[in-house]
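I have placed the structure first, in the form of structure tokens, so that the comments after it can refer back to it.
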There are 4 protein chains.
Amino acid sequence: MGGTAQKHRGNRYGRSEEARQSVLEAADDLLVEVGYARLTIEGIAERAGVAKQTIYRWWTSKNDILMDAFVQDAAEALIPSDTGDLRHDLRTHARNVAAFLTASDAGAVFRALTAQAQHDPALAARLQAEHLGKQRGHDRLPFERAHIRGDLDPGVDIDLAVDQIMGPIYYRVLVTGEPVTREFTDTLVDAVLSRG
Amino acid sequence: MGGTAQKHRGNRYGRSEEARQSVLEAADDLLVEVGYARLTIEGIAERAGVAKQTIYRWWTSKNDILMDAFVQDAAEALIPSDTGDLRHDLRTHARNVAAFLTASDAGAVFRALTAQAQHDPALAARLQAEHLGKQRGHDRLPFERAHIRGDLDPGVDIDLAVDQIMGPIYYRVLVTGEPVTREFTDTLVDAVLSRG
Amino acid sequence: MGGTAQKHRGNRYGRSEEARQSVLEAADDLLVEVGYARLTIEGIAERAGVAKQTIYRWWTSKNDILMDAFVQDAAEALIPSDTGDLRHDLRTHARNVAAFLTASDAGAVFRALTAQAQHDPALAARLQAEHLGKQRGHDRLPFERAHIRGDLDPGVDIDLAVDQIMGPIYYRVLVTGEPVTREFTDTLVDAVLSRG
Amino acid sequence: MGGTAQKHRGNRYGRSEEARQSVLEAADDLLVEVGYARLTIEGIAERAGVAKQTIYRWWTSKNDILMDAFVQDAAEALIPSDTGDLRHDLRTHARNVAAFLTASDAGAVFRALTAQAQHDPALAARLQAEHLGKQRGHDRLPFERAHIRGDLDPGVDIDLAVDQIMGPIYYRVLVTGEPVTREFTDTLVDAVLSRG
DNA sequence: GACTAACCGAGACGGTACGTCCGGTCTTCCG
DNA sequence: CGGAAGACCGGACGTACCGTCTCGGTTAGTC
């Protein structure tokens, strides 16, 4: 990315963008096909048509690869709309988050990464820095816009409100495994907005 | 236990209770000492002073062992008190759940199991059947007691209320990694009770 | 053996003859079916319908079992005929030895035992004591009978003569793997008798 | 050797000659030290300072390793001298064969391989192809040289003569366990030469 | 236009742990 | 007290990946 990697196949002036892409795609595909436990670096290398050493030159672990793949895929996702109607924007955003987590390939990668982050502080930090921080910013957006518009009760703690909407969604996905319906997300939004 | 396993060291009339205990304790200890990733069945066997085959005779995987260890440890934990005051009981329970998740050895095992359950449906099912189902029952108890006492607004959806309190707690623990303070849990309880 | 074992199934008055026979037959059968390398004590026990401990109570190793099985089977075999004609008796005996080694089940057991005796001195000693010593006596018989009849040149070293006939037969069977034909054994006999 | 394996430590252009040698020497040493039965591939790997997988990459079994070790060691051994005197050359050769079989490390490996070849046809074939065939050629040499010199009775069957000398030697070594004395081998040679 | 440093594929290597098989021992209950 | 059953500790099996290390080939800027 960025401009260092061009079309060459790799030499002292830069890495092979082609190899990079092959690896990320192979990792994505294999995660979906065989699952996290059976995802191996050797398998990724073979599927990508790349030497194992090439992977070790640029990534430190399979989590590192998945993290890159996830960042690339999920880069622009999950920015809430801005219709000027707080309730509507929140309801739509909550639904989108639920769909992302339960129905998309990127969501599968996210769940795998979140799982591994439980026992890998470095991964947890990267996930926080490169995704969760930004995502929290997105999750706060509807409230901040409403605040600017003057539509928001000044007593509202935005971080708490975000936790109260997002928390139960992630809880169902990661812990209880229950389906996350539209009724459920709408109710969560309404509960937060009806308070105060 | 149960009557099948007695004092013998294992023969055709039953397994060795001593070996069973050694394995579960070794697994617990090693998880805390070296972490999930470096927890191996060979390591458990060595620490427990047990042959590897004895482990494979009774358990199918290291997750299976951890599940047993967790069920044994967490069996009686996290039952909410009953003071007759719904708000008080909920606040105390929420604090206890948070402490369990973040500060106890059993909580560490739970987080590891929840993580692995993301890519192991069989483990997810066992976790649901042997812990989460029962725990949800416990989490509902304060509301049900209040309902019986006539202290609860009849319009309250108990399952939703539980998700709204527990969801954000697990979300912070498993996803964002933020600390779960007493203020946070109290506020969650109050938000649920103030609605309607 | 001996008379201590009768029809009972094993109690304080002696071992079970039935179990003994089952084990020896199972060992014989399995040796032919799966070969020496895949012959296991557990396999013999299962096939014989006998507990492993019963085998360990009476035998020390699978070689020990095979040795018993072999002694029982080959007990009366390979005694040379006595027609009064040294050349004829030797030729017939040499042919019988060759047939035993190459074409019989007992011969297969013998070859397996001889092989293992190369790296098991205890087995070598038992094989010598319980079979080879007796067999050497049988191999010498035609010469001794001829000696008594006065048909044998007094200068003949009987042990050497036996080695010169038997040696090449065993050599072909155990080492070169060449077929041992009637022409070959007849020639060996003639060569020994023509000398002197 | 031969050009494929050079000084490198093993890469796609060839294997590590150093590892190959370590394994063969470790196998040789351990066979003598602990005996065939206690010779394990793990033991060889540890002694050789080599990974188990490296052994499995290049050899199929411990017999395969021993076969390689034997071929390398015994390559040039046991070629009979050529003094122009058939009786003398045969006597010397017979004594050398006996000494090889009973007193040398390579002979110990040979006996182990011959033993295993009884129940391993593939090993028997390799032993035949890579050693016994060549050795039989060597064993025939004195007779062939004498034939060329015109010193040999044309009626002599060389293969039979070789069997009559070598057979009893191997028989004593592999079967009866009797010592193979100089008198014994000399007598065998004389018996073959005095016929006709 | 030859040189050269970094990247690339390929894959051998020393390791660790896997899950299985079997050896030999021990314990329990039955006959 | 012998035997059936089978759990137990121990150790080796053969396999799968790990992460490291050469190799020879390729490529693009430099001299």
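Each chain gets a letter, A, B and so on, in the order its sequence line appears, and its residues count up from 1. Side chains are part of it too, since the values below use all heavy atoms of this structure and drop only hydrogens, waters and symmetry mates.
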### Task
Send over the distance from B:I41 CD1 to F:dT15 P, rounded to a whole Å.
20 Å

### Query
Over how many whole Å does the gap from D:R15 atom CZ to F:dC23 atom P extend?
16 Å

## Note on the structure
Walking DNA chain F from its 5' end, the first of A:K62 and C:A19 to be reached, judged by nearest nucleotide, is C:A19

#### Entry: Any donor-acceptor pair under 3.5 Å from A:D120 side chain to A:Q116 backbone
no

#### Entry: Pairwise distance CD1(C:I65) to CD1(C:I44) - rounded to 0.5 angstrom
4.0 Å

### Message
Checking the side chain of B:K62 only, and the main-chain atoms of B:A27 only, is there a donor and an acceptor separated by less than 3.5 Å?
### Response
no

### Message
By nearest heavy atom, map A:L39 and D:G43 onto DNA chain F; which one lands nearer the 5' end?
### Response
D:G43

### Task
Could you check which residues of residues 49-61 of chain A get a heavy atom under 4.0 Å from DNA chain F? Sort them by number, please.
A:K52, A:Q53, A:Y56

### Query
So which of B:D28, B:I41, B:D68, B:I55 actually passes side-chain contact (heavy atoms from CB on, under 4.5 Å) with B:V23?
B:I55

### Query
Starting at CD of C:E42 and ending at P of F:dA7, how long is that distance when rounded to a whole Å?
12 Å

### Message
Using side-chain heavy atoms (C-beta onward) and a distance below 4.5 Å, is A:R126 in contact with A:D64?
### Response
yes

### Query
At what distance, to the nearest 0.5 angstrom, does CG of B:L127 lie from OG1 of B:T114?
5.0 Å

### Query
Roughly, in whole Å, what's the span from CD in C:E46 to C1' in F:dG6?
13 Å

### Query
Could you state the CG-C1' distance from C:L30 to E:dC22, rounded to the nearest angstrom?
15 Å

